[in-house]
Amino acid sequence: MQEVRTRFAPSPTGYLHIGGLRTALYAYLFAKQNNGKFILRIEDTDLERYVDGAVEIIYDTLKDAGLIYDEGPDVGGDYGPYVQSERKDIYLKYAQQLIESGDAYYCFCDKERLEKIHAEGATKYDKHCLHMSKEEVAERLARGDKYVIRQNIPESGITTYHDMVFGEITVDCKDLEDNILIKSDGMPTYNFANVVDDHLMGINYVIRGVEYLSSTPKYNLLYKAFGWEIPHYMHLQPIMKDATRKLSKRYGDASYADFIKRGFLKEALINYIALLGWSPKNDREKFSLEEMVQLFSVDGLSKSASIFDEVKLKWLNGQYIKEMSPEAFYDYAQRFFDKYEFLNGYDRKLICSLLQNRIEIFDDIGPAMEFLTKFDGYDLTLLCNQKWKTDLGTAKAMLPGLIELTENNFDSLHDALVAFGEQNGYKKGQVLWIFRIAITGAQSTPGGATEMAELLGKDETVRRLKESLARVNV
RNA sequence: GCCACCAUAGUCUAGAGGUUAGGACGUUGGCCUCUCACGCCGAAAACAAGGGUUCGAUUCCCUUUGGUGGUACCA
């Protein structure tokens, strides 16, 4: 059996977005599941849209996400070069072969003429130059006239192919245009380069976005003209931002790197995007990359687009965070501690143990610990609690005792607080509520009263208790 | 406009010619608890509409509607 070879062929036009990453993921999963090869090819034939540094971002993202490609520009392989701009001469040669066979032709029409025929109602190129004599073509070529090479599509007939996710796709040839294969700058268009490269690189499973679903018949015509074997196709619906818009850089939607920066784990991100458009057909929804390689299946691919839901991604990320070892969590959290300067000087280990199962992304560390800096002037009504039946009066009565007890029994604070309650006729919850609010000034904190005291340290705890007392006394 | 593709709760999805239409996020009630969260137990919430085919259709077919894609010297 033939070795499965898939490819991810992005254009270096900026950061790698989530949709692109998912396409790469599926191509990777399919290849690996079949013990095949996953290839990276850079499609930089559009000089205008090229963005410096974009290629490196693609390399880094794929590698970081664990989508290790077997062949690619920076790792080599037997079918290089893997960058289209470096393959320029190859395309021209094949285009000329097509001209010989009559499946393509030189076209000298300029923009003005094209605009004119469209203005006159043409919906596609009118094959004007197809009918030019050989002599005239030779003459104009010799003269150095600008030209493009167009595909010669049959004027009638239908073309059908089988897509692994959509099934039979049929398109009428009359709806197909004589696409430009080679642009006037000598570069191939996607329409041509993808066919030539996929064939030359031995790609037998083409996995890409649905935007190519209806132009695939044209590509198949090219394969046929060359006498090449047509690959299997898997077209993928896009990931949407909302019901009508695709997730895209244009709308400033987050890139892989942005999510990582905010404290999403790559495993969670990969897991989540895999599930946007693919289902294992059971209720399971947590998978490692290795498990997905085993479980991936084409019939689990969705035929409809899916909307990216960050809320669910966060939940999933939280699940991954809870499963980390405390050590791994601590290590990973370091850069986020550095990000929030007000955390300097506090016990990171303690904070980590408090936070690991209450945050969903690492960036939450800052907001979760905010009470450390936002204590002064907190809302005193927080001391009033319906469930525990406490109010400002309770606080006023309790605080002097709480201060004394903290100063003397900080090391066994919990026991001391309980004893204080028993001696003075308060419920445990009442004491702890007043105490916690009095030292944090926050409705909710990442831990209970004594845990917060431990974090603040004895001096700061006492200081805050005194400040609270002073405020309730006015 | 023309062509193609798609259509299960707010979201991601499972599903089959006959099901109490399943799961997850979110929402919500409760339990647990030194707050919140976690965790656990519940609840509400969907087959886009109209025609067929059929004993029976949400499932198959058609139409409509809605959405997306293509219609580039962009990919």
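All chains are named by letter (A, B, ...) in the order of the sequence lines, taking the proteins before the strands, and each is independently numbered beginning at 1. Below, all heavy atoms of this structure are taken into account, side chains as well, without hydrogens, waters or symmetry copies. All figures in this text were calculated on a predicted structure; none of them were measured in a lab.
Between K303(A) and rA4(B) there is no side-chain polar atom (N or O) within less than 4.0 angstrom of OP1 or OP2. OP1 or OP2 of rU13(B) has at least one side-chain nitrogen or oxygen of S306(A) nearer than 4.0 Å. Within the 4.0 Å cut-off from OP1 or OP2 of rG39(B), at least one side-chain nitrogen or oxygen of Q319(A) is found. Applying the 4.0 Å criterion to OP1 and OP2 of rC3(B), one finds that K174(A) has every side-chain N and O outside that range. Residue K281(A) places at least one side-chain N or O closer than 4.0 Å to OP1 or OP2 of rG15(B). OP1 or OP2 of rC34(B) sits under 4.0 Å from a side-chain N or O of K428(A).
Here I437(A) lies out of heavy-atom contact (under 4.0 Å) with every strand. Within the nucleic acid shown, S11(A) comes within 4.0 Å of sugar-phosphate atoms alone, with no base atom in reach, counting heavy atoms only. Among the heavy atoms of the strands lying under 4.0 Å from A243(A) are primed sugar atoms or P, OP1, OP2 only; no base atom is included. K322(A) comes within contact range of the sugar-phosphate backbone alone, with a heavy-atom separation under 4.0 Å but no base atom that close. In this structure, E43(A) reaches the sugar-phosphate backbone alone: every heavy-atom distance under 4.0 Å involves primed, P, OP1 or OP2 atoms, never a base. No contact: T13(A) has no heavy atom under 4.0 Å from any strand. When heavy atoms are screened at a 4.0 angstrom cut-off, T244(A) is found touching the sugar-phosphate backbone but no base atom.
Comparing rC5(B) with rC61(B), their P atoms are spaced 12 Å from each other, to the whole Å. Nucleotides rA24(B) and rC62(B) have their P atoms positioned 36 Å apart, rounded to a whole Å. Taking atom P on both nucleotides, rA21(B) is separated from rU63(B) by 30 Å, rounded to a whole Å. A gap of 37 Å separates the P atoms of rG22(B) and rA4(B), to the nearest Å. Atom name C1', nucleotides rC60(B) and rG67(B): the rounded distance is 23 Å, in whole Å. With C1' as the reference atom, rC47(B) and rG42(B) are 25 Å apart, rounded to whole Å. Taking atom C1' in both rU59(B) and rG17(B), one finds a spacing of 7 Å when rounded to whole Å. Nucleotides rA14(B) and rG50(B) have their C1' atoms positioned 27 Å apart, rounded to a whole Å.
F296(A) has its ring centre less than 6.0 Å from the ring centre of Y26(A). When ring centroids are compared, F308(A) and Y272(A) come within the 6.0 Å threshold. In summary, the aromatic rings of F329(A) and F362(A) are positioned with their centroids under 6.0 Å apart.
In this entry the distance linking NE2 of H128(A) with P of rC73(B) reads 17 Å, nearest Å. Regarding H235(A), its NE2 atom lies at a distance of 13 Å from the C1' atom of rA75(B), rounded to whole Å. In this entry the distance linking CG of L176(A) with P of rA72(B) reads 12 Å, nearest Å. The nearest whole Å value for the distance from the CG atom in L276(A) to the P atom in rC25(B) is 15 Å. For the pair L236(A) CG and rG69(B) P, the computed distance is 15 Å after rounding to whole Å. If you take CE of M369(A) and C1' of rA37(B), they are 14 Å apart, rounded to a whole angstrom. Atom P of nucleotide rC5(B) and atom NE2 of H162(A) are separated by 13 Å, given to the nearest angstrom. Here rC3(B) presents its C1' atom at 14 Å from CD1 of I158(A), a figure rounded to the nearest Å.
In this structure, L213(A) and D163(A) approach most closely via the heavy-atom pair CD1-OD2, 4.0 Å. The shortest non-hydrogen separation linking Q84(A) to Y91(A) is CG-OH, 3.3 Å.
Classification of D110(A) and K146(A) as a salt-bridged pair fails, no side-chain N sitting under 4.0 Å from a carboxylate O. Using a cut-off of 4.0 Å between Lys/Arg side-chain N and Asp/Glu carboxylate O, R471(A) and E467(A) are scored as not salt-bridged. By the 4.0 Å N-to-carboxylate-O rule, D145(A) lies close enough to R140(A) to be salt-bridged with it. By the 4.0 Å N-to-carboxylate-O rule, K116(A) lies too far from D126(A) to be salt-bridged with it. One finds a salt bridge joining D198(A) and R41(A) here, because a Lys/Arg side-chain nitrogen approaches an Asp/Glu carboxylate oxygen to under 4.0 Å.
Nucleotide rG29(B): paired with rC41(B) (Watson-Crick or G-U wobble, both distances less than 3.5 Å). Base-pair partner of rU11(B): rA24(B) (Watson-Crick or G-U wobble, both distances under 3.5 Å). Using the Watson-Crick or G-U wobble rule with both distances under 3.5 Å, rU54(B) pairs with nothing in any strand shown. Across all strands shown, rC5(B) pairs with rG67(B); the Watson-Crick or G-U wobble distances both stay below 3.5 Å.
Comparing rC34(B), rC38(B), rA75(B) against the side chain of N191(A) picks out rA75(B) as the nearest.
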Atom pairs under 3.5 Å: protein N/O with N/O of nucleotides 26-28 of chain B:
none

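Residue-to-nucleotide contacts include no donor-acceptor pair under 3.5 Å from the side chain of S304(A) to the base of rC6(B).
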